[in-house]
2 protein chains.
Amino acid sequence: MATINDIAKLANVSKSTVSRVINNYPDVNEKTKQKIIKIMQENNYWPNTMARSLSTNKSYTIGMFVPTNLNNFFFREVIQGIEYTLGKHGYDLLYFTHQKTMRFYMDTGIKFNFVEKSSDKNVDGIIMLGFNMKNIARFNKLIKSKIPTVFIDVKLTGERASYIISDNEKGAIKAVEYLISLGHQKIGLLLGPEEVKPTQDRLSGCKKVFEKYGLQVKTDWLYHTEYTLEDGYKSMKEILTMTDRPTAIFGEDMMVIGAIRAARDAGLSVPEDISFVGFDNIELSYHYNLTSVNQDQYKMGEKASELLMKIINEEEFNPIVLPVNFVERTSCRYLRN
Amino acid sequence: MATINDIAKLANVSKSTVSRVINNYPDVNEKTKQKIIKIMQENNYWPNTMARSLSTNKSYTIGMFVPTNLNNFFFREVIQGIEYTLGKHGYDLLYFTHQKTMRFYMDTGIKFNFVEKSSDKNVDGIIMLGFNMKNIARFNKLIKSKIPTVFIDVKLTGERASYIISDNEKGAIKAVEYLISLGHQKIGLLLGPEEVKPTQDRLSGCKKVFEKYGLQVKTDWLYHTEYTLEDGYKSMKEILTMTDRPTAIFGEDMMVIGAIRAARDAGLSVPEDISFVGFDNIELSYHYNLTSVNQDQYKMGEKASELLMKIINEEEFNPIVLPVNFVERTSCRYLRN
DNA sequence: TTGTAGGCGTTATCAC
DNA sequence: GTGATAACGCCTACAA
């Protein structure tokens, strides 16, 4: 690959001049500029980003940390939004893998964490996707650092850190209000782990509505599990053994879909025998005709990226709360009292 | 962030010595080594990768190009395998976004393509995921370059390029043999675009089996579409209007699932009225009880990454053909003649 | 408008 | 074992 020096020699100018045209500075004679560009083309020259980064401290790449794996209905839509938006701004996306080993000297005891990895790869900013509030101290160093950061679904801010989250409480309120408007009073809840902020907000939304109508959360009907089909299936199987059981289930899509499968396996039909409302509106909900609260995941990725760009440019740091909407399908029925 | 110079000064040694311990070279006095490591820890020193890359020409990151979007049942499992394996080897994954604009000087007419982008970000190798054979010339420069490359599902090799692909022909053979063993003779085919290598191989597998049993591909029953639910749905609707229609459908999962939906919407039940076999065994097949030829996508990512590591280390360049297996569910029935 | 020289943080090649 | 010094490819004062 040709370097700036090669081009300079061929064009009979100094490399500063070449650098000027690379960076599109004014004050370059139009003729020399054209001459240089021509030579660049002929030699298929492209500036080396590492070298540029070294002097400018800009890499035009954004890092992303994901604690579990990418293989998740929710994440991948978010990531698509991120991908697209970052591309629009000329950035690439570095996915930090889960490295078991560290190259470079061992046993120094230095924790190779978010901050180190980020400065190691010299990313211009980072996106934190899929973390929960458990062990929140691990983010301390990061949010105190100068690294522009956007958290998705974790309410954390810092000097140059902010977050984006959906209006989970309002979404849950909509969902439960909907069920109640259909005549349901006995509502089971299938939610994610307690330390996850969105889950907390959703539960608090439920409670508000329950309270409003003089109902209360029945702990027997409240499950906190991982976001898996299997866990939803298990929870529902338990519920089905109860003598006093809910007429409707609200929860997060993955678990609710597991629950639907359990109900069907038990010979019940949906929505005739039992109603379901989900939260997230993942792609799979469509296939189950599941009524669900829709988070715009794509937009989430988009807005997260834009917020990050703004933090990088020191324009704006305010957290974003994304509105949700309700997608009605056919998983609920009207309950005559 | 502390630099190698800071550490050198604090330790009262030259930076060469510090560099030696960074790289774990022998020939460093154990005492000075320990002293230096201690100082590194105290100052939370971490070497700057850009600078290292600049002199070593190694970045410990692998680039990945994906022509469409990541949001796809098949890709995301492959990517998971890639992610995991790369992490195991100490590499991160750079996802090249689809950049509409180019930062850096404009109008030079230089094509900013695979090779340029890769050397721009100085990746150690690249993985090409989701490309087809259409306009195959665009890969010329890449496969002639020195950049270690692995293609997934495109049979292309080069000086330092190789590929991985599933044994699609054998998979199709299994599927069609299965249908025939159940008594089906009239088989409709719902496949992807003709220029996609796996699709070509699958079709050729079908043809072989057909031939063996004295059958032939009925062009009315052969569809080449995009990999979407909608296209499968449409194709099936057409098929359903025919007076002479197939008793079974074989095709790629996404389209087959669309077809199942179309059949159901038309009041048919599966498998009583019509049988289906898919190819890919994407996650969704499980939800439709679809019998499907399983490609091990995770392993595909894993093997692709390992092959790339080997190419980088100049150990091995041979293409990999991955075996497939058959996952029987309940979407087919035995047809009495 | 252009050139010179130093710097970004490393590694590598010599000497000592 | 260790230390200078050049080199990696680019950017940025400062001079001219």
Side-chain angles (χ1 to χ4, degrees), chain A residues 1-37 39-40 43-61 103-105 116 118-124, chain B residues 1-37 39-40 43-61 103-105 108 116 118-124 146:
Chain A
M1 275 283 172
T3 75
I4 197 175
N5 271 309
D6 302 332
I7 303 299
K9 271 178 203 152
L10 289 169
N12 240 310
V13 296
S14 76
K15 54 182 181 174
S16 345
T17 306
V18 179
S19 178
R20 285 185 187 102
V21 356
I22 288 177
N23 294 288
N24 219 273
Y25 283 2
D27 301 346
V28 179
N29 182 301
E30 192 57 30
K31 268 197 177 163
T32 43
K33 179 170 176 176
Q34 290 312 325
K35 181 174 71 179
I36 291 173
I37 287 183
I39 291 177
M40 284 173 167
N43 295 72
N44 224 283
Y45 168 76
W46 196 267
N48 177 313
T49 309
M50 298 297 137
R52 300 189 91 192
S53 300
L54 194 56
S55 41
T56 59
N57 219 20
K58 261 294 244 178
S59 65
Y60 286 97
T61 112
R103 60 178 189 290
F104 166 53
Y105 63 94
E116 289 77 14
S118 303
S119 32
D120 178 50
K121 294 284 183 168
N122 201 30
V123 293
D124 296 340
Chain B
M1 277 281 176
T3 75
I4 197 174
N5 271 309
D6 302 332
I7 303 300
K9 270 177 203 151
L10 288 170
N12 242 308
V13 295
S14 76
K15 55 182 180 174
S16 330
T17 305
V18 178
S19 179
R20 286 188 185 100
V21 356
I22 289 177
N23 294 288
N24 219 275
Y25 283 2
D27 299 346
V28 179
N29 182 302
E30 191 57 30
K31 266 198 178 163
T32 43
K33 179 170 176 177
Q34 290 311 325
K35 183 174 71 179
I36 291 173
I37 287 183
I39 292 177
M40 284 174 166
N43 295 70
N44 224 282
Y45 167 77
W46 195 267
N48 178 312
T49 309
M50 297 298 134
R52 300 189 91 189
S53 301
L54 193 57
S55 41
T56 59
N57 218 20
K58 260 294 243 178
S59 64
Y60 285 97
T61 111
R103 60 178 191 291
F104 167 48
Y105 64 95
T108 62
E116 289 76 14
S118 303
S119 31
D120 178 50
K121 295 283 183 171
N122 199 31
V123 294
D124 296 340
K146 298 275 185 193

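We use all heavy atoms of the structure for the numbers below, so side chains are in, but hydrogens, waters and symmetry mates are not. Chain letters run A, B, ... following the sequence lines, proteins first, then strands; residues in each count from 1. Computed from a prediction, not measured in an experiment: that's the story for all the values here.
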### Those residues that, when tested against B/Ser55, pass side-chain contact (heavy atoms from CB on, under 4.5 Å) (two or more places apart)
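Per chain and number, B/Ser55 pairs via side-chain contact (heavy atoms from CB on, under 4.5 Å) with no residue.
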
### Task
Check every nucleotide of DNA chain C for an atom under 4.0 Å from a heavy-atom of chain A, then give the first and the last such nucleotide from 5' to 3'.
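Nucleotide range with atoms under 4.0 Å of chain A: C/dT1 to C/dG9.
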
Just how far is it from atom [atom1] of [X] to atom [atom2] of [Y], taken to the nearest 0.5 Å?
X: A/Asn29; Y: A/Ile36; atom1: CG; atom2: CD1; value: 9.5 Å
X: A/Asn48; Y: B/Ser119; atom1: CG; atom2: OG; value: 8.5 Å
X: A/Asn122; Y: A/Leu54; atom1: CG; atom2: CG; value: 8.5 Å
X: B/Tyr45; Y: B/Leu10; atom1: OH; atom2: CG; value: 12.5 Å
X: B/Tyr25; Y: B/Arg20; atom1: OH; atom2: CZ; value: 9.0 Å

### Task
Mind checking A/Ser53 for me? I need base, sugar-phosphate or nothing, with any heavy atom below 4.0 Å counting as a touch.
nothing

### With sequence neighbours excluded, residues passing salt bridge (charged side-chain N to carboxylate O under 4.0 Å, His left out) with B/Lys146
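With neighbours one apart ignored, the set is B/Glu159.
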
### Query
Excluding sequence neighbours, so at least two apart, what forms salt bridge (charged side-chain N to carboxylate O under 4.0 Å, His left out) with A/Lys58?
A/Asp124

### Task
Examine the side chains of A/Asn57 and A/Arg52 and answer whether a donor and an acceptor come within less than 3.5 Å of each other.
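The criterion, which ignores hydrogens and geometry beyond distance, is not satisfied for A/Arg52 and A/Asn57.
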
### Task
Produce a footprint string for nucleotides 6-13 of chain D: one letter per nucleotide, 5' end first; B if the base is under 4.0 Å from any protein heavy atom, S if only the sugar-phosphate is, - if neither.
--BBBBBB

### Message
Using five pairs at each end of the helix from C/dT1-D/dA16 to C/dC16-D/dG1 to define an axis, what is the angle between those two axes, to 10°?
### Response
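End-to-end axis angle: 40°.
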
### Task
Mind listing the closest non-hydrogen atom pair of B/Thr49 and A/Lys121 along with its distance?
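Smallest heavy-atom distance, with atoms named: OG1-N, 4.1 Å.
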
